[in-house]
Asks: 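After the structure tokens below, expect a handful of questions from me.
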Amino acid sequence: MPKVPRLVDSKGKEIPADLLTRGNLWADRISRANRHYGNWSRKYKTETLESYYYGHQWGALEDDDYQAYTHNEFFVAIDIKQPNLLFKRPSFSIKPLPSRQDFNPERSFQRAQLREDTVNTLFAGNKSFSKETELGILDAFFRFGMVEVGYSANWVDNPEANKPITADHFDPEAEEGEVIREPEKIPVDEQLYVKRIPAKTFRVGGTDNPHLNRCSWVGYYAWEKVSDLLANPKLKIKEQSLGNSNAVTDDNYDDYFQEEELYGNELRLNGMCKIWHIWDLIDKRKIIVVDGTTEIIFEARFKRLPLIPLMFRPRLESFYPLPLTYNWLSAQDEINENRESARAHRRAFQRKFIANKSAFTNEELQKLRLGVDGTIAFTEMTDITRAIVPMPNADLGASHVQSINLSMADFDNIAGISAEQRGNTGAQSNRTTATQAKLADARSGIRETRDQAIIAEWLCAIGREVLLQAKEKLSSDFWIRVNLDTNDDLGLIEAQNLEESWQLINSDEFGDDDFDVRIDINTLSPLGNNNAKNSLVEFLALLDQYKVMSLDPTLVRELAYRVGYENEKVIAKLQKLTTLAALGLEKQLEAQLGEQPGGNQNNIAQRDAANATPNDIGQIQQQVNNQSVQ
């Protein structure tokens, strides 16, 4: 009789037979993923980091009767950084990608413009988008950000159910001879949503990898109303299984998970149930599991993972990142301890005096001790400075003040906060030169720009997933705000006047072309807009100063690159104007030469010979100097 192979886990331990059912396997996987997340959360103190942001920074030393001094630099630093990362709704731009042999540039650009108008309209009309992304960015300071892009609709009975579909709705993918009929249910009130997933509810399981799509499975839990679950016809659910769900299925949790269990019990008493939404990235299946049970209530195939992660500082071997604020803890604790010691010293101080026995009689000394304001006491000594003097208090010393300054400097260095961002330009100028201050601010700006680029990539991924789901799932026509070109000058110059209007479209008009989603990071914050304005002003000023560069499109692009100006539409327009100006100048010269006697032959030949002869170094230098003087 052949031997039955034993199934073992990653540590070589045999898996019990009762865990070989799919429901039990997922319950075991969730338990292991919870422990993996708990180990990471404790190691990098994610709950502590969030508590520090809220101002709870003394831990077990906090007391209702005494509030220790807290100088919350966590809140200040995040409050400075967050507006520069995402201050307002972004504006997306879509560019087509030639990924197919039958790529049609003209049609693809039209479809790309349609996609661009669609994604900007969807985000402009979605009031919760800004709030969800803002919370996701805030979560990324302590853990990581996560959003889910999804589709929702109300499904109603189709009055034309099971009737044959007319030839106008012919399906080319249908088999020959097959009769296509109307579905029994049709969607109404369709919408695409972007929902933030709290990082503390998100798990990765099996193979852990910095790339989310390379993990074995991912998922999150959510508390949902039992009545809503029972009313959903897509869920295969038993009412008794909802009552058996537990907030926590493992006994080896710390205080955080114990608090979560108490919170879950309270929610359960209010008709809520804990549900796990899981994406199996190996089998490409979406699964919904009731926590604490072995029941799978939903299962379906999926094409892409609709979860978009955001993390500022990844780790090399794990999806769970290094929290951005983890290294702020020591500097914050040092600031609080310095301030609390100074506060305790000030509160402990009591005014005491030293009096000369021969300076006062007992009666006069009592007047000083117990007398009201304005009391006069007579002394036996003429030198009042020897009669009574205040007893000096123990001084904290200059080292204490220096320690406070060093702690603040350490925190700013770690957090990447410059003096200008704090509004301390005057204090900064007293300690450093203007050049040093400018360099320090530039380095801080580089770190900030890096984080802005990470946010921009995250938003682009969200926008791309929204467009893909709109193409795949939206069946009804919908309105979008579009830009119509009303002054197309033979294709040489883009229209300068754009009319905004609304257009009713269908997602089939997007086509199947691949596309790239982009966001200009300068549009994410007022500071970025100011930097873009400065780059534009410098770019135009240099073009006006060095007019020789405005005669060649290549030089125009090189100048824009050197000053950091990146608006491709404006650069392309200037290049077109440069080409037109060069053509006009050439025709003007030809006309001037043609008016002179014999100019049609001799002068043109001389001009061609001169053009064929390159200028020497001296001539080029003289031309540049002349332009500079002008």
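Please read these numbers as outputs of a predicted model, since none were measured by experiment.
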Asks: Counting heavy atoms not belonging to F109, are there more than 12 under 6.0 Å from its CZ?
Replies: no
Asks: State, without any angle test, whether Y320 and N39 hold a side-chain donor-acceptor pair at a distance under 3.5 Å.
Replies: no
Asks: List for me each residue that meets side chain to side chain contact (heavy atoms under 4.5 Å, CB included) alongside Y53, sequence neighbours excluded, and say none if there are none.
Replies: F75, I78, L138, F142
Asks: Given 3.5 Å as the limit, does a donor-acceptor pair link the side chain of E224 with the main chain of C273, or not?
Replies: no
Asks: For the aromatic rings, using the six-membered ring if either is Trp, is the centroid distance between F298 and H277 under 6.0 Å?
Replies: no
Asks: Going by salt bridge (charged side-chain N to carboxylate O under 4.0 Å, His left out), name the residues that satisfy it together with D208, two or more places apart in sequence or in a different chain.
Replies: none
Asks: Tell me every residue that passes side chain to side chain contact (heavy atoms under 4.5 Å, CB included) with D516, counting only those two or more places apart in sequence or in another chain.
Replies: L97, R518
Asks: Under the ring-ring contact (aromatic ring centres under 6.0 Å, His included) test, which residues partner F510, sequence neighbours left out?
Replies: none
Asks: Quick one: do the E148 and Y220 side chains pair a donor with an acceptor below 3.5 Å?
Replies: yes
Asks: Are the side chain of T133 and the backbone N or O of S130 linked by a donor-acceptor pair below 3.5 Å?
Replies: yes
Asks: With a 4.5 Å limit on heavy-atom distance, are the side chains of I505 and L114 in contact?
Replies: yes
Asks: May I ask you to check whether over 12 heavy atoms, not counting those of K45, lie within 6.0 Å of atom NZ?
Replies: no
Asks: Side chains of N120 and R481: donor-acceptor distance under 3.5 Å anywhere?
Replies: no
Asks: How long is the straight-line distance from NZ of K234 back to CD1 of I288, given to the nearest 0.5 Å?
Replies: 10.0 Å
Asks: What residues, two or more places apart in sequence or in another chain, satisfy side chain to side chain contact (heavy atoms under 4.5 Å, CB included) together with S330?
Replies: none
Asks: Are the side chain of Q57 and the backbone of Y52 linked by a donor-acceptor contact shorter than 3.5 Å?
Replies: yes
Asks: Can we say R143 and E50 salt-bridge, meaning some charged N sits less than 4.0 Å from an Asp/Glu carboxylate O?
Replies: yes
Asks: Is any side-chain heavy atom of V218 less than 4.5 Å from a side-chain heavy atom of I278?
Replies: no
Asks: Is the backbone N or O of K200 less than 3.5 Å from a side-chain atom of R203, with the two atoms forming a donor-acceptor pair by type?
Replies: yes
Asks: So do K471 and D508 actually touch side chain to side chain, heavy atoms under 4.5 Å?
Replies: yes
Asks: Taking side chain to side chain contact (heavy atoms under 4.5 Å, CB included) as the test, write out the residues that go with L468, two or more places apart.
Replies: R304, R464, E465, F515
Asks: With sequence neighbours excluded, what pairs up with K284 under the side-chain hydrogen bond (donor to acceptor under 3.5 Å, both in side chains) test?
Replies: none
Asks: Please report the C-alpha distance between L467 and I94 in whole Å, then the side-chain angles of each, then the deciding distance to 0.1 Å, and finally whether the side chain to side chain contact (heavy atoms under 4.5 Å, CB included) criterion is met.
Replies: CA-CA 10 Å; L467 287 173; I94 309 297; 3.9 Å; yes
Asks: Taking the six-membered ring for Trp, are the ring centroids of W26 and W217 within less than 6.0 Å of each other?
Replies: yes
Asks: Just to verify, what does W328 make a ring-ring contact (aromatic ring centres under 6.0 Å, His included) with, not counting sequence neighbours?
Replies: F74, F411
Asks: Just by modelled atom types, is the Y37 backbone N or O under 3.5 Å from a matching donor or acceptor in the S41 side chain?
Replies: no
Asks: Would you check if the distance from the ring center of Y326 to the ring center of Y44 is below 6.0 Å?
Replies: yes
Asks: Going by atom types alone, do S475 and E190 pair a side-chain donor with an acceptor below 3.5 Å?
Replies: yes
Asks: Identify the two heavy atoms, one from E73 and one from Q332, that lie closest to each other, and give their separation to 0.1 Å.
Replies: N-OE1, 2.9 Å
Asks: Could you verify whether a donor N or O on one side chain and an acceptor N or O on the other, from R315 and S318, lie under 3.5 Å apart?
Replies: yes
Asks: Salt bridge check: are R196 and D139 linked by an N-O gap of less than 4.0 Å?
Replies: yes
Asks: Do E472 side-chain atoms and Q469 backbone N/O form a donor-acceptor pair below 3.5 Å?
Replies: no
Asks: Do you know which two heavy atoms are closest between F92 and G463, and how far apart they sit?
Replies: CE2-CA, 4.1 Å
Asks: Could I get the full list of ring-ring contact (aromatic ring centres under 6.0 Å, His included) partners for F312, not counting sequence neighbours?
Replies: F141
Asks: For the atom pair CE (M146) and CG (L135), what is the distance rounded to the nearest 0.5 Å?
Replies: 15.0 Å
Asks: Run the side-chain hydrogen bond (donor to acceptor under 3.5 Å, both in side chains) test against T70 and tell me which residues pass, sequence neighbours left out.
Replies: W58
Asks: Taking only residues two or more places apart in sequence, or in another chain, which ones meet Y193 in a ring-ring contact (aromatic ring centres under 6.0 Å, His included)?
Replies: none
Asks: Tell me, please, which residues at least two apart from S108 pass side-chain hydrogen bond (donor to acceptor under 3.5 Å, both in side chains).
Replies: D513
Asks: Using the rule given for side chain to side chain contact (heavy atoms under 4.5 Å, CB included), can you reason through I297 versus E295, listing the C-alpha separation, both sets of side-chain angles and the distance that settles it, and then say yes or no?
Replies: CA-CA 6 Å; I297 61 176; E295 184 175 357; 3.8 Å; yes
